[in-house]
Amino acid sequence: MDSSSETSPAAPLRTIPGSYGIPFLQPIKDRLEYFYSKGGRDEYFRSRSHRYQSTVFRANMPPGPFISSNPKVIVLLDAKSFPVLFDVSKVEKKDLFTGTYMPSTKLTGGYRVLSYLDPSEPRHAQLKNLMFFMLKSSSNRVIPQFETTYTELFQSLEIELAKNGKAKFNDVGEQAAFRFLGRAYFNSNPEETKLGTSAPTLISSWVLFNLGPILDLGLPWFLEELLLHTFRLPAFLIKSSYNKLYNYFESAATLIIEQADTLGVPKDEALHNILFAVCFNTFGGVKILFPNTLKWIGLAGESLHTQLAEEIRGAIKSYGDGKVTMEAIEQMPLTKSVVYESLRIDPPVPPQYGKAKSNFTIESHDATFEVKKGEMLFGYQPFATRDPKVFDRPEEFVPDRFVGDGEALLKYVMWSNGPETESPTLENKQCAGKNFVVLITRLFVIEIFRRYDSFEVEIGESALGAAVTLTSLKRAST
């Protein structure tokens with residue numbers, strides 16, 4: 001099902017419903033509801049949408065006092081209004097990557113890194129060009145290094161499964177992910193450097209200092225409120241861990257640093273941006289996306305597994321001469337659809353923000369709303385990408401949703417800070433590594449079904465994404 005509302009007459013004008021309540025007190029009350037009420041953040045938005053009978057409304061967003069001085073946002077929950085967040089002619093993206101607060105630049109070497117820059121800022125184009133160069137320079141290494149790294153991963157999972165009857169995926173998956181990124185981007189295995197196997201732990205600690213104000217770690221509420229949501233964690237506590245990561249990139253990313261110089265970006269600033277792009281953007285995304293993809297495919301069951309195995313092995317045989325090649329990958333429509341469906345149903349970065357540059361109107365499926373210059377817009381992506389007026393069975397994982405004519409729906413898959421049908425440019429804020437992330441997630445599915453006919457999983461929760469435990473791996477029969 002597709003929405004034809006784009007060509008329908010303008011919906012009636014309506015005042016944006018909702019209220020921000022009493023300053024200071026209401027944002028704290030809303031924060032407690034957002035993190036700790038039954039149903040969590042989904043229910044926080046769902047209950048207000050039902051109350052106001054609108055997918056556009058006013059609300060407070062955490063963290064609020066004392067970290068964020070202004071928690072007021074206009075919430076967008078449908079697929080029609082949501083894309084305004086990508087329109088940089090209407091919204092500003094400066095310092096909005098994490099929402100109504102910005103982490104201290106002491107966590108990024110004193111620099112506002114690319115994710116916090118608006119495209120109108122001159123440094124944005126220079127740094128995004130650097131990211132494009134890093135991606136292009138690694139292109140010939142991606143497939144072989146992925147195969148090498150994930151062969152190692154599945155061998156270790158098989159050993160663990162044989163020993164204990166189950167194997168936890170997340171920790172070893174994170175080790176493999178960073179090992180692969182080092183090999184692919186820099187032709188350097190980080191585990192053979194001073195970093196050893198410490199990178200995922202170092203990154204997770206550093207990310208906590210960046211995202212703590214909007215995370216729920218499952219601690220008792222009064223501890224989380226005191227330690228994470230009310231005051232910032234002091235940046236100096238994580239400096240030594242951050243420096244270890246910085247030193248790795250300084251030694252490994254020499255080619256990228258040389259290119260930065262030609263682009264007019266000083267070495268130190270380039271390194272902090274490379275670190276952020278690899279550790280926060282890419283590793284952080286894979287840390288969530290790979291377990292989520294494994295979860296959904298695992299829960300879908302053996303019938304889907306059989307279809308994927310047949311498609312993947314057939315394409316590799318017919319189009320890759322027994323090897324994984326780009327030509328073979330492009331002959332796997334179900335595999336590609338499964339990856340997009342995982343990104344649709346569980347986008348790795350749920351929130352998107354933009355600040356209105358001027359007065360303008362936005363449309364939901366039901367109404368038109370006036371937005372004033374300076375107002376903050378917030379989109380909660382899991383609702384927009386599960387919009388029942390766009391998607392049939394929006395709450396279900398439908399593996400072949402984007403096969404054939406279903407590809408028309410890809411414009412509503414917006415995980416990358418832009419529609420899947422568009423491409424990152426110097427002029428927009430779409431993720432520079434959008435196509436890279438989709439490719440390696442397809443490779444992840446391919447490496448699974450090259451080896452196994454089927455697998456079974458147990459699913460738990462973590463602060464970021466799903467916690468996946470493999471309970472069986474059925475070796476490939478053909």
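Just so it is clear, the values below take in all heavy atoms, side chains as well, and ignore hydrogens, waters and symmetry mates.
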Between [X] and [Y], does at least one N-O distance fall below 4.0 Å, as a salt bridge requires?
X: Arg442; Y: Glu330; value: yes
X: Lys163; Y: Glu160; value: no
X: Lys287; Y: Glu174; value: yes
X: Glu420; Y: Lys336; value: no
X: Glu158; Y: Arg451; value: no

For [X] and [Y], indicate whether the former's side chain and the latter's backbone hold a donor-acceptor pair under 3.5 Å.
X: Glu121; Y: Asp118; result: yes
X: Arg31; Y: Pro65; result: yes
X: Thr108; Y: Val113; result: no
X: Glu302; Y: Ser454; result: no
X: Asn417; Y: Pro424; result: no

Distance flag, aromatic centroids of Phe154 and Phe455, threshold under 6.0 Å: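 Not close enough - the centres of the two rings lie 6.0 Å or further apart.
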Classify the angle between the aromatic ring planes of [X] and [Y] as parallel (below 30°), tilted (30 to 60°) or perpendicular (above 60°).
X: Trp206; Y: Phe280; result: perpendicular
X: His305; Y: Phe449; result: tilted
X: Phe180; Y: Phe436; result: parallel
X: Tyr353; Y: Phe378; result: tilted
X: Phe35; Y: His229; result: parallel

Whether Arg41 engages the ring of Tyr380 as a cation-pi pair (distance to the six-membered ring centre under 6.0 angstrom, angle to the ring normal within 45°) should be assessed.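 Negative - Arg41 is either too far from the ring of Tyr380 or too far off its axis.
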Between Arg123 and Arg112, is there a side-chain heavy-atom distance shorter than 4.5 Å?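 No. Closest side-chain heavy atoms not under 4.5 Å.
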Side-chain donor/acceptor pairs under 3.5 Å, residues 463-474, sequence neighbours excluded:
from: Thr471; atom 1: OG1; to: Glu456; atom 2: O; distance (Å): 3.3
from: Ser472; atom 1: OG; to: Glu456; atom 2: N; distance (Å): 3.3

Could you work out, with side-chain hydrogen bond (donor to acceptor under 3.5 Å, both in side chains) as the rule, every residue matching Glu461, not counting sequence neighbours?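 Scan of Glu461 (side-chain hydrogen bond (donor to acceptor under 3.5 Å, both in side chains), adjacent residues dropped) gives none.
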